[in-house]
Amino acid sequence: MATDNPMRESETPETAPRSGRALVIPRFGGPEVMEVRDLPLPVPQDDEVLVRVHAASVNPVDYKTREGQFPPVGEAQLPAVLGRDLAGTIETFGTRAHYMVRHGDPVFAFIDFDRGAQADYVIVKAIELCAIPDGLDMTTAAAIPLAAMTAWQGLFDHGGLQSGQRVLIHGGAGGVGQFAVQLARWKGAEVFATAGPDDQELLRDFGVDRAIDHTSERFEEIARDVDLVFDLIDGETRARSWGTLRQGGILVSTVSEPDQAEAARHGVRAAPRWLARPNAAQLGEIGDLVANGTVKVRVVQTFPLDQAAAAQQAQAEGHVSGKIVLTLV
Ligand SMILES: NC(=O)c1ccc[n+]([C@@H]2O[C@H](COP(=O)([O-])OP(=O)(O)OC[C@H]3O[C@@H](n4cnc5c(N)ncnc54)[C@H](OP(=O)(O)O)[C@@H]3O)[C@@H](O)[C@H]2O)c1
């Protein structure tokens, strides 16, 4: 991004708006608690930028946060703006960000949970954002950060997946799962993945070695001696997964704390509960893989911001074969 930047902190264009819409939860509850409010534009400090958001993806964390089921956002954090990832253009920036960006640069980002992404204007830290690769539209770019980085961090940082290893990915056709199966293939792993009957072809298109229909097949009879189980489902699926691991193999969950005693009983390991974190370097690598066609991004539905309730409902009902995105511009 920019080095010869003509704009400095506080050089907000005369025409810049003073406020923008944001999807706010004033309290925890059902979809009815959500409000689209007009909020004053935040002012970026130091290494922060203000992004004009064009699109922001919908993730299960949105409805979990709204319901009060996402511990990092408690009563003390309310009112809160929902959303964790976005794509947009640089509006303004703080003094220490000027060497990185210029007004109008297209960027995408996964932001920390002290802010919300489903808003017209969002403060993003320079370390959270990355330039959108050439040729990627805003809706596609917005679908990437949280889901793809969860897949990356689960497989590689927590699961230590290596080329030649065998991985079983549960929920391989969902938002995180689609990135996980493609990233595991790119790494050179042998990939087994579970999904419903309608998504078997999709999994094969993404290059999985064995697509498993969780409604008609017993995955534990098909995937054996796996090095890593990447569990995006939990419950009975988790309980039946321990026996698929080779001795010393590891289970990584995105959903809940695995039972360490259960892991020990099976002679395997379980990664402690973790939350995906912003990491611009990882986002850059993922963006390159999308740009060169190694990783495909599947956006199945878009909604305008004022239909966020319908978007969350579609996400919560399940059977999502890809990503749902809110469009703001
Ligand atoms: N720890 C973190 O930082 C983190 C980050 C991101 C996500 N997560 C969590 O990870 C989970 C997955 O997220 P996501 O965005 O991928 O959700 P998603 O888009 O809703 O995907 C879930 C997928 O699982 C499929 N599925 C449901 N039951 C299944 C089963 N028994 N076996 C195999 N597949 C099944 C669903 O399709 P069908 O219903 O058609 O089968 C759907 O395609 C959520 O609980 C989310 O909150 C955690």
Side-chain angles (χ1 to χ4, degrees), residues 57-73 82-85 110-113 117 142-155 157-159 168-183 191-203 206 208 210-220 222-223 229-241 244 251-258 270-279 282 297-301 311-325:
S57 96
V58 176
N59 295 285
V61 69
D62 301 339
Y63 68 79
K64 291 181 184 181
T65 302
R66 184 207 355 106
E67 292 168 352
Q69 293 179 33
F70 182 61
V73 181
L82 294 177
R84 299 293 307 284
D85 53 357
F110 175 17
I111 62 171
D112 229 331
F113 30 70
I144 298 171
L146 184 147
M149 288 168 68
T150 302
W152 183 288
Q153 292 172 21
L155 293 172
D157 297 347
H158 300 281
L168 170 61
I169 298 169
H170 288 305
V176 176
Q178 293 195 6
F179 288 107
V181 296
Q182 296 180 84
L183 288 171
V191 182
F192 293 72
T194 61
D198 296 343
D199 290 324
Q200 297 296 299
E201 196 57 42
L202 187 67
L203 289 184
F206 286 138
V208 311
R210 179 62 158 91
I212 303 171
D213 178 352
H214 71 84
T215 66
S216 63
E217 296 182 287
R218 304 280 297 175
F219 62 79
E220 60 272 48
I222 298 166
V229 172
F230 191 36
D231 175 23
L232 308 173
I233 303 298
D234 210 0
E236 189 218 335
T237 299
R238 159 104 47 94
R240 288 165 45 209
S241 291
T244 67
L251 181 140
V252 175
S253 168
T254 59
V255 189
S256 67
E257 181 73 50
R273 174 108 166 97
W274 57 283
L275 288 175
R277 303 308 304 243
N279 183 321
Q282 287 176 356
V297 182
R298 197 171 134 92
V299 175
V300 287
Q301 240 179 323
Q312 278 184 22
Q313 189 179 346
Q315 178 77 67
E317 280 171 358
H319 308 298
V320 179
S321 307
K323 291 288 299 174
I324 297 172
V325 174

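Counting starts at 1 for both ligands and their atoms, in listed order. Values below: every heavy atom of this structure, side chains too, minus hydrogens, waters and symmetry copies.
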Distance-only polar pair, side chains of Thr237 and His214, donor-acceptor under 3.5 Å: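 Absent: no donor and acceptor within the cut-off.
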
Check the angle between the aromatic planes of Trp274 and Phe230 and answer parallel, tilted or perpendicular using the 30° and 60° thresholds.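 It falls in the parallel class, under 30°.
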
If we ignore angles and hydrogens, is there a donor and acceptor under 3.5 Å between the side chains of Arg238 and Ser256?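 Short answer, yes.
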
With no hydrogens and no angle check, do the side chains of Gln153 and Asn279 hold a donor and an acceptor under 3.5 Å apart?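 No, because no side-chain N or O of Gln153 sits under 3.5 Å from a partner of the opposite role on Asn279.
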
Considering only NZ, NE, NH1 and NH2 on the basic side and carboxylate oxygens on the acidic side, decide whether Asp112 and Arg277 come within less than 4.0 Å.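 A salt bridge is present here (some side-chain N lies under 4.0 Å from a carboxylate O).
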
Kindly indicate, with the supporting measurements, whether the criterion side chain to side chain contact (heavy atoms under 4.5 Å, CB included) is fulfilled by Gln178 and Leu202. CA-CA 9 Å; Gln178 293 195 6; Leu202 187 67; 3.3 Å; yes

If you count only heavy atoms, which residues are under 4.0 Å from ligand 1?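 Within 4.0 Å of ligand 1, protein side: Pro60, Lys64, Leu146, Thr150, Gly171, Ala173, Gly174, Gly175, Val176, Thr194, His214, Leu232, Ile233, Thr237, Thr254, Val255, Arg273, Trp274, Leu275, Ala276, Gln315, His319, Val320.
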
